[in-house]
**Q** 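Here it is, the structure in full.
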Amino acid sequence: MKDGAYEIAVFPGDGTGPEVMREGLKVLDALAEGGPAPWTVSEYAGGGQYFLRTGREWDAEGEAAARRADAILLGAVGWPGATLPNGDIAGRALVLGLRESLDLFANVRPCRLYPGVKHRISGEYREVWSPKNVDMVIVRENTEDLYTPARGRLRRADETEVAVDTRIITRKGAERVIRYAFELARARSRGAPEDGVRRVTCVDKANVMEGCRFFRETYDRVAKEYPEIERDYAYVDAFTQWLVRNPERFNVVVATNMMGDIITDLAAVLQGGMGFASGGNIGAEHAMFEPVHGSAPKYAGKNQVNPFATFLAVEQMLRWLGDRHGDRRLTEPADRLERAVARVLADGRAQTYDQGGTMTTSGAGDLLAAAVRGEAR
Ligand code: IPM
Ligand code: MN
């Protein structure tokens, strides 16, 4: 924070990242019109393409900004052929690296279907799920599990004989993300679409894995502090079918890292596709917000991809900042952005290719910026 303005560090990143970020920043500018902006925005380089040019994933300036900023906005990272010497993707520092170094322990992924949004299934655009049935938040643990860098290969001569990934579940890691999920269920204005009940569903594989049994025990211990919230359990395999058949049952879902990664991509289908999936990587002191879709190299530079995930990431960021600092200057534009997104999606004018439409990325940004200007404060 400087001179009453929150510092937002922006990393457009690779591929379609810069295209969607441009529109996100356009909307952010529109939200700030008519007064002094309660935020400053600075852009920094980084990612796989930057690595191919420079041999580094990002520079010292960007790294310092990420550590100092009140919030981080990330486009996407990853580019074909951009690989670190150890085999990791170049740009890792900006995603997995920040999750680790800033201890962003909760990956918060809302899954809400807006009226007017279609589902692309087998190449056809249909209304499969109803908006009134899809409104949950999946909270994914973000610092451990199979993502813990405790992995490696055993080689004999030049041959890999064994590859090992270690699944680590800690008391601290499980407890804080589960508590986050219960706090969220308490704070949200609505319960599950099915019955209005506030419910936290623990997704795991506790019938087989020790780490999951421990995760579930921790869930039970934390749940005692929240008697007003219903306990609910699902084995991850069964969860995938319930998610598709009965999404209305779910309110807040909590899962370990790897399972959370997988189920949130499936959940994105329910909300209209990855073009609508945003995520907040949230820690005690820092947070980073991103569209979940990745850099989509195939579409880079074509002005075709759907920028709504970025708009929703911007909304998530403003709300997190506003709630954290008790600052209406941030929650008010978050509300306006939420209403503008709903209005533009409902009238069907902003449909990009993934919705069967012809709207461009920048055209959708123009529509959203105009809609934001039209929202009463
Ligand atoms: C995500 C992505 C990342 C992950 C990749 C890009 C490392 O899939 O944010 O869901 O696995 O967490
Ligand atoms: Mn993922």
Side-chain angles (χ1 to χ4, degrees), residues 11-18 20-21 46-51 57-58 66 72-84 86-111 136-151 165-169 173 177 203 236 239-240 243 253-283 286-300 305-306 309-310 312-313 316-317:
F11 294 88
D14 293 318
T16 54
V20 293
M21 191 54 74
Q49 292 172 291
Y50 181 81
F51 176 79
E57 289 182 279
W58 53 353
I72 303 165
L73 257 185
L74 176 69
V77 293
W79 193 252
T83 310
L84 301 178
N86 71 357
D88 281 340
I89 64 158
R92 180 192 190 284
L94 283 75
V95 193
L96 300 174
L98 284 176
R99 290 177 186 168
E100 290 161 9
S101 64
L102 300 181
D103 204 14
L104 309 177
F105 64 84
N107 195 327
V108 181
R109 297 185 164 179
C111 174
M136 71 189 87
V137 182
I138 301 182
V139 181
R140 161 188 173 191
E141 201 288 321
N142 216 24
T143 58
E144 53 184 46
D145 186 6
L146 282 167
Y147 281 69
T148 316
R151 57 175 71 96
D165 295 283
T166 316
R167 183 162 192 262
I168 291 175
I169 305 293
V177 77
V203 171
V236 64
F239 175 78
T240 58
L243 179 67
V253 173
V254 65
T256 51
N257 202 346
M258 184 79 254
M259 291 175 190
D261 179 45
I262 297 167
I263 63 175
T264 50
D265 270 29
L266 177 58
V269 177
L270 274 65
Q271 60 190 136
M274 295 301 278
F276 296 96
S278 72
N281 300 264
I282 296 176
H286 300 270
M288 170 176 77
F289 300 84
E290 54 178 346
V292 183
H293 50 60
S295 61
K298 203 167 83 179
Y299 291 97
V305 292
N306 185 346
T310 304
L312 293 169
Q316 241 188 310
M317 175 186 77

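Note that ligands are numbered from 1 as they come in the structure, with each ligand's atoms numbered from 1 the same way.
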**Q** Just by distance, do the side chain of E57 and the backbone of R92 share a donor-acceptor pair under 3.5 Å?
**A** yes
**Q** How far is atom 1 (C) of ligand 1 from its nearest protein heavy atom, and which residue and atom name does that atom have?
**A** R109 NH2, 3.3 Å
**Q** Taking atom 3 (C) of ligand 1 as the point of reference, which of H293, R99, R92 owns the nearest heavy atom?
**A** R99
**Q** With a cut-off of 2.8 Å, does D265 place any N/O/S atom under that distance from the Mn ion (ligand 2)?
**A** no
**Q** For ligand 1, indicate whether the residue R140 contacts it via side chain, backbone, both or neither (heavy-atom separation under 4.0 Å).
**A** side chain
**Q** May I ask you to list the atoms of ligand 1 that are less than 4.0 angstrom from any heavy atom of Y147?
**A** 4 (C), 11 (O), 12 (O)
**Q** In the protein, which heavy atom is nearest to atom 6 (C) of ligand 1, and how far is it?
**A** I89 CD1, 4.9 Å
**Q** Starting from atom 8 (O) of ligand 1, what is the nearest protein heavy atom, named by residue and atom, and what distance separates them?
**A** D261 OD1, 3.4 Å
**Q** Report the name of the N/O/S atom of D261 located nearest to the Mn ion (ligand 2).
**A** OD1
**Q** First locate atom CD of E100, then atom OG1 of T148, and finally report the distance between them rounded to the nearest 0.5 Å.
**A** 8.5 Å
**Q** Does the separation of the ring centres of W79 and Y50 fall below 6.0 angstrom?
**A** no
**Q** Output yes when E141 and R167 qualify as a salt bridge under the 4.0 Å nitrogen-oxygen rule, no when they do not.
**A** no
**Q** How long is the straight-line distance from OG1 of T256 back to CG of D145, given to the nearest 0.5 Å?
**A** 4.5 Å
**Q** Roughly how far, to the nearest 0.5 Å, is the CG atom of N257 from the CD1 atom of I168?
**A** 12.0 Å
